[in-house]
Enquirer: 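Take this structure first; my questions come after.
Excluded from the calculations below are hydrogen atoms, water molecules and symmetry mates; all remaining heavy atoms, backbone and side chain alike, are included.
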Amino acid sequence: MYKRTHTCGELKRENIGDTIYLNGWVNTVRLHGQVVFVDLRDRYGKTQIVFNADSFSGDFEAVKKLSMEDVLSIKGQVQSRAESAINPKMETGEIEIVVGEYIMLNEASPLPFVISDRENAEENLRLKYRYLELRMEELQRNMLIRHETYQATRSYLSGEKFVEIETPMLMKSTPEGARDYLVPSRIHHGKFYALPQSPQIYKQILMISGYDRYFQIVKCFRDEDLRADRQPEFTQIDMELSFIDEEDIFSIIEGLTKHIFSQVRGIELLEPFERLTWAVAMETYGSDKPDLRYGLELKDVKEFTDASDFNAFKSAKRVKAIVVEGGAKYSRKNIDQFTDYVKKYKAKGLAWMKGEDGVLIGGISKFFSDELHQSIRSSLNVKDGDIIFMIGDKESVTLNALGQLRIEIAKKESLAKTDEYRPVWITEFPMFEYDEEANRYIAMHHPFTAPRNEDISMLDTDPSHTLSRGYDLTMNGYEIAGGSIRIHDQKIQEKVFSLLGLSREEAIEKFGFLVEALTYGAPPHGGIALGFDRLVMLLAGTENIRDVIAFPKTTSATSLMDESPNNVSIVQLDELGIKIKDIEK
RNA sequence: GGGAUCGUAGUUCAGUUGGUUAGAACGCCGGCCUGUCAAGCCGGAGGUCGCGAGUUCGAGUCUCGUCGGUCCCGCCA
């Protein structure tokens with residue numbers, strides 16, 4: 001191999017006449033008999049190299065056999081291209097390299113797919129040969145964005161006096177929340193470690209230990225079913241701070257987020273970030289992670305439907321509507337598709353009316369008096385050419401289903417600008433959700449989240465309406481961070497455990513070391529964790545988390561490249577004292 | 001756990017109401033070619049139609065099951 005003097009992206013007109021060395025992959029070969037053009041590629045770019053039978057002293061027949069993805073080391077001279085041969089699409093398009101000598105470093109086998117763009121192969125094939133897909137420009141760009149996001153995060157937080165501390169990957173399984181990935185212990189037969197769902201307990205303990213600003217870019221593991229934006233192992237920017245309140249957290253995270261967007265993409269986010277309470281977000285957008293790049297707000301219409309002859313909504317707890325500007329163009333088929341869509345979210349149907357000639361027509365309009373038509377039109381600002389969609393049901397279904405329809409319509413109508421970023425804090429979450437299956441309260445965030453000071457007394461009287469000091473940062477419809485001010489008072493902590501159905505004994509059994517630690521001088525503290533992968537998705541402009549992870553898993557949590565998970569030997573199992581049982585289906 | 005959808009040459013796809021020998025492009029192999037940059041031209045090889053049953057005189061096509069990918073619901077404190 002020749003030591004390269006340059007990369008494949010940097011040679012320009014100024015280098016003409018220089019003798020240079022390049023290493024790289026054969027991107028394309030264009031064979032013209034006595035002259036062969038090769039685009040040599042590395043991660044910095046592409047450069048055209050030329051083998052000319054007249055001047056090339058080596059084996060020209062071998063040159064003719066060059067093929068895609070061979071790895072070459074070349075020595076050559078930079079020369080200018082004829083005016084007509086300049087390629088304006090290439091960074092290095094004004095020059096080319098006349099090859100004097102070359103070394104074939106590795107001859108590539110015929111490829112399972114052509115490495116030009118990702119549409120050339122189905123995803124299962126690309127995942128099996130991920131190392132080939134990672135050579136593609138789009139993924140290389142995403143990995144670079146990811147790299148820059150790591151660096152921006154570390155430099156910003158370090159500058160703000162945060163200390164990066166690693167916490168264990170092998171820890172105790174905790175009962176609440178997602179399923180744990182378990183790791184059997186060899187030394188302790190029958191016992192298991194769990195991989196962290198998050199370093200939650202450790203970071204609180206670090207506060208008790210006095211590291212008042214902690215952060216970590218850390219892998220977390222959750223054994224749950226996957227989605228386009230969810231992987232079984234994912235990365236968080238995990239943070240915890242002492243002697244702070246919500247405003248401190250907001251200000252640091254706004255600073256960090258601004259810094260990342262500015263450093264990585266040159267985008268200046270506006271400060272301060274918007275804020276919505278959870279209740280307002282749910283009422284207005286039908287989501288706790290609303291995309292504010294477009295309106296389509298949910299409006300209350302129960303007063304109108306109650307006054308109408310449309311009886312289906314009379315028993316509905318809530319009736320909400322969205323008005324789609326220009327939506328009167330929707331055909332019966334479109335509306336049926338939207339109806340099917342909202343049914344996925346438990347809505348029984350989708351009512352509609354269109355604005356035309358100063359009244360409302362179609363759908364359920366005949367059940368409304370002329371007077372109601374006018375009140376609805378003025379109250380909801382419905383113009384001719386618009387359509388109103390309505391859902392009536394219990395509150396959670398109405399809000400969620402209409403909120404999902406809002407997103408679907410925005411997608412169909414391309415209402416969201418791709419280069420716009422709208423961060424918004426969601427605050428004042430309920431402390432608890434009632435789990436009807438388990439017949440008990442479960443923590444909406446996690447069991448260490450503090451209630452609002454003014455709500456502490458409600459823990460005894462009305463726990464379901466207690467609001468917490470939790471907060472999420474959302475952006476463009478994604479939850480990118482979530483956290484809370486924690487309980488640092490053990491009495492309140494025990495009260496919350498008991499509301500969650502955990503007896504003192506159980507709480508000590510499960511979180512004992514934290515409960516005990518809280519008694520030895522716990523400072524008021526709180527924290528947040530940013531979903532690193534989702535943040536990079538937003539920065540990279542993709543909607544698929546696999547696009548920003550070098551070696552992702554499929555939606556069934558397998559790796560097609562290394563075929564994990566996989567069987568292990570009997571010897572390994574014996575050492576662990578584990579026997580595989582057949583599970584009946 | 002459930003729903004939708006996809007699976008045909010190395011790859012991306014086409015393949016008619018079920019009907020003769022399953023096609024195209026790119027890639028691969030061989031030949032021609034000194035200015036291409038999606039190089040071009042000529043020729044060739046290449047198929048367990050994911051797998052397994054079933055219906056039928058006949059299945060890439062219809063039915064059932066199964067495996068795998070994707071998207072979604074549930075789930076993800």
Side-chain angles (χ1 to χ4, degrees), chain A residues 27-39 46-56 60 64-65 67-69 79 81-90 92-93 96 98 108-129 132 174-180 197-198 200 220-232 234 340-346 400-401 404 408 429 431-433 435 437-438 441-449 468 470 479 482-484 496 500 529 531 543-544 546 553-556 558 560 563 585:
Chain A
N27 197 71
T28 44
V29 180
R30 293 178 293 279
L31 170 62
H32 290 244
Q34 299 307 299
V35 63
V36 178
F37 300 99
V38 170
D39 290 338
K46 288 178 213 161
T47 300
Q48 174 165 290
I49 63 176
V50 188
F51 296 84
N52 193 312
D54 292 343
S55 58
F56 184 71
F60 200 77
K64 289 181 173 177
K65 302 281 183 204
S67 64
M68 290 191 293
E69 301 306 309
Q79 71 173 23
R81 296 200 197 180
E83 194 64 38
S84 61
I86 286 175
N87 185 346
K89 283 185 264 179
M90 270 174 105
T92 59
E96 65 190 4
V98 186
S109 304
L111 302 164
F113 52 86
V114 179
I115 301 179
S116 52
D117 76 286
R118 299 176 70 204
E119 308 304 312
N120 274 342
E122 276 190 2
E123 188 159 14
N124 53 0
L125 200 69
R126 285 184 277 128
L127 285 174
K128 180 173 176 192
Y129 298 97
L132 296 180
T174 51
E176 302 273 318
R179 271 184 214 97
D180 284 323
Q197 297 174 27
S198 82
Q200 182 62 35
C220 302
F221 305 85
R222 292 179 190 174
D223 187 2
E224 295 293 346
D225 291 343
L226 307 175
R227 288 289 187 283
D229 64 348
R230 258 164 35 192
Q231 282 273 300
F234 59 98
D340 287 342
Y341 188 78
V342 297
K343 281 180 177 169
K344 284 199 303 190
Y345 301 93
K346 306 278 187 294
N400 184 241
Q404 293 292 347
E408 182 66 10
F429 285 83
M431 279 287 284
F432 308 106
E433 285 173 295
D435 182 338
E437 271 177 42
Y441 288 110
I442 52 171
M444 188 143 170
H445 185 51
H446 59 58
F448 312 108
T449 300
S468 79
E479 179 192 328
S484 63
V496 169
L500 295 175
E543 290 186 352
N544 195 312
R546 295 185 298 277
K553 298 209 167 29
T554 67
T555 47
S556 61
T558 64
L560 297 178
E563 298 181 309
K585 289 197 173 175

Enquirer: Which nucleotide, if any, forms a Watson-Crick or G-U wobble pair with rG10(B), using both distances under 3.5 Å?
Expert: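 Result: rC26(B).
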Enquirer: Mind checking if T174(A) touches a base, just sugar-phosphate, or nothing, with heavy atoms under 4.0 Å?
Expert: nothing
Enquirer: Using atom names, set out every protein N or O paired with an N or O of nucleotides 11-15 of chain B below 3.5 Å, distance rounded to 0.1 Å.
Expert:
unit_1, atom_1, unit_2, atom_2, d
rU11(B), O4', P112(A), O, 3.3
rU11(B), O2', N120(A), O, 2.3
rU12(B), OP1, E122(A), N, 2.6

Enquirer: Ignoring hydrogens and geometry beyond distance, is the side chain of R81(A) in donor-acceptor contact with the base of rC37(B) at under 3.5 Å?
Expert: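 Between rC37(B) and R81(A), which were checked side chain against base, a qualifying N/O pair under 3.5 Å is present.
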Enquirer: Do the side chain of T555(A) and the main chain of A228(A) share a donor and acceptor less than 3.5 angstrom apart?
Expert: no
Enquirer: Under the side chain to side chain contact (heavy atoms under 4.5 Å, CB included) test, which residues partner D54(A), sequence neighbours left out?
Expert: N52(A)
Enquirer: Name all residues meeting the salt bridge (charged side-chain N to carboxylate O under 4.0 Å, His left out) criterion together with R126(A); count only those two or more places apart in sequence or in a different chain, and write none if there are none.
Expert: E133(A)
Enquirer: Which residue, Y345(A) or Q197(A), contacts RNA chain B at a nucleotide closer to its 5' end, judged by nearest heavy atom?
Expert: Y345(A)
Enquirer: Once the angle between the rings of F432(A) and Y441(A) is folded into 0 to 90°, is it parallel (under 30°), tilted (30 to 60°) or perpendicular (over 60°)?
Expert: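 F432(A) and Y441(A): tilted rings.
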Enquirer: Is there a side-chain polar atom (N or O) of K553(A) under 4.0 Å from OP1 or OP2 of rU70(B)?
Expert: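 False: K553(A) side-chain N/O out of range (4.0 Å or more) of rU70(B) OP1/OP2.
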Enquirer: Any donor-acceptor pair under 3.5 Å linking the side chain of E69(A) with the backbone of A108(A)?
Expert: no
Enquirer: May I ask you to say what R179(A) touches in the nucleic acid, namely base, sugar-phosphate or nothing, with a heavy-atom cut-off under 4.0 Å?
Expert: nothing
Enquirer: Return yes if the base of rG69(B) and the side-chain atoms of R126(A) contain a donor-acceptor N/O pair under 3.5 Å, otherwise no.
Expert: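 There is none.
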Enquirer: Would you tell me if any nitrogen or oxygen in the side chain of N544(A) comes within less than 4.0 Å of OP1 or OP2 on rU70(B)?
Expert: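 For rU70(B), OP1/OP2 do not have a side-chain N/O of N544(A) under 4.0 Å.
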Enquirer: Check the phosphate of rG69(B) against S556(A), side-chain N and O only, distance under 4.0 Å to OP1 or OP2. Yes or no?
Expert: yes
Enquirer: Kindly point out which of rC76(B), rG27(B), rG35(B) is positioned nearest to the side chain of R230(A)?
Expert: rC76(B)
Enquirer: At under 4.0 Å between heavy atoms, what does K46(A) touch on the DNA or RNA strands: base, sugar-phosphate, or nothing?
Expert: nothing
Enquirer: Who pairs with F51(A) by ring-ring contact (aromatic ring centres under 6.0 Å, His included), at least two apart in sequence or on another chain?
Expert: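 In terms of ring-ring contact (aromatic ring centres under 6.0 Å, His included), with neighbours along the sequence ignored, F51(A) is linked to F56(A), Y102(A).
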Enquirer: Just N and O in the side chain of R546(A): are any of them under 4.0 Å from OP1 or OP2 of rG69(B)?
Expert: no
Enquirer: Can you tell me how far C1' in rU34(B) sits from the matching atom in rC41(B), rounded to whole Å?
Expert: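 After rounding to an integer number of Å, I get 16 Å for this pair.
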Enquirer: Is E543(A) touching bases, backbone alone, or none of the nucleic acid, heavy atoms closer than 4.0 Å?
Expert: nothing
Enquirer: Of S84(A) and K344(A), whose nearest nucleotide on RNA chain B comes first from the 5' end?
Expert: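 Whichever sits nearer the 5' end wins; that is S84(A).
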Enquirer: So which nucleotide from rA38(B), rC75(B), rG35(B) ends up closest to the side chain of D225(A)?
Expert: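 Nearest to the side chain of D225(A) among the choices is rC75(B).
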Enquirer: Between the base of rG35(B) and the ring of H32(A) - centre-to-centre under 5.5 Å, planes within under 30° - is that a stack?
Expert: no
Enquirer: If only side-chain N and O atoms of T554(A) are considered, is one of them under 4.0 Å from the OP1 or OP2 phosphate oxygen of rG69(B)?
Expert: yes
Enquirer: For the side chain of S67(A), counting heavy atoms from C-beta on, which of rC28(B), rC72(B), rC76(B) is nearest?
Expert: rC28(B)
Enquirer: Can a side chain N or O of K89(A) be found less than 4.0 Å away from OP1 or OP2 on rA38(B)?
Expert: yes
Enquirer: Using a 3.5 Å distance criterion without hydrogens, assess whether the side chain of R230(A) forms a donor-acceptor pair with backbone atoms of D225(A).
Expert: yes
Enquirer: For R30(A) and rU36(B), is the shortest distance between a side-chain N/O and OP1 or OP2 below 4.0 Å?
Expert: no
Enquirer: Counting heavy atoms from C-beta on, name the nucleotide in rC73(B), rC76(B), rG35(B) closest to the side chain of E224(A).
Expert: rC76(B)
Enquirer: Who passes ring-ring contact (aromatic ring centres under 6.0 Å, His included) against F37(A), sequence neighbours left out?
Expert: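 In terms of ring-ring contact (aromatic ring centres under 6.0 Å, His included), with neighbours along the sequence ignored, F37(A) is linked to H32(A).
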Enquirer: Can you list everything that forms a ring-ring contact (aromatic ring centres under 6.0 Å, His included) with Y345(A)? Sequence neighbours excluded, please.
Expert: Y341(A)
Enquirer: With respect to the side chain of T28(A), which nucleotide from rG74(B), rG31(B), rA39(B) is positioned closest?
Expert: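 Closest of the options to the side chain of T28(A): rA39(B).
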Enquirer: Give one of base, sugar-phosphate or nothing for N52(A), where a contact means two heavy atoms less than 4.0 Å apart.
Expert: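 The answer is base, as N52(A) lies within the cut-off (heavy atoms under 4.0 Å) of a base atom.
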Enquirer: Does any nucleotide pair with rC64(B) by Watson-Crick or G-U wobble geometry, both distances under 3.5 Å, and what is it?
Expert: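 Partner of rC64(B): rG52(B).
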Enquirer: Just compare rC71(B), rC76(B), rC37(B) and give me whichever is closest to any side-chain atom of D39(A).
Expert: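 Closest nucleotide among those given: rC37(B).
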Enquirer: Under 3.5 Å for both donor-acceptor distances, Watson-Crick or wobble: does rG74(B) have a partner, and if so which one?
Expert: none
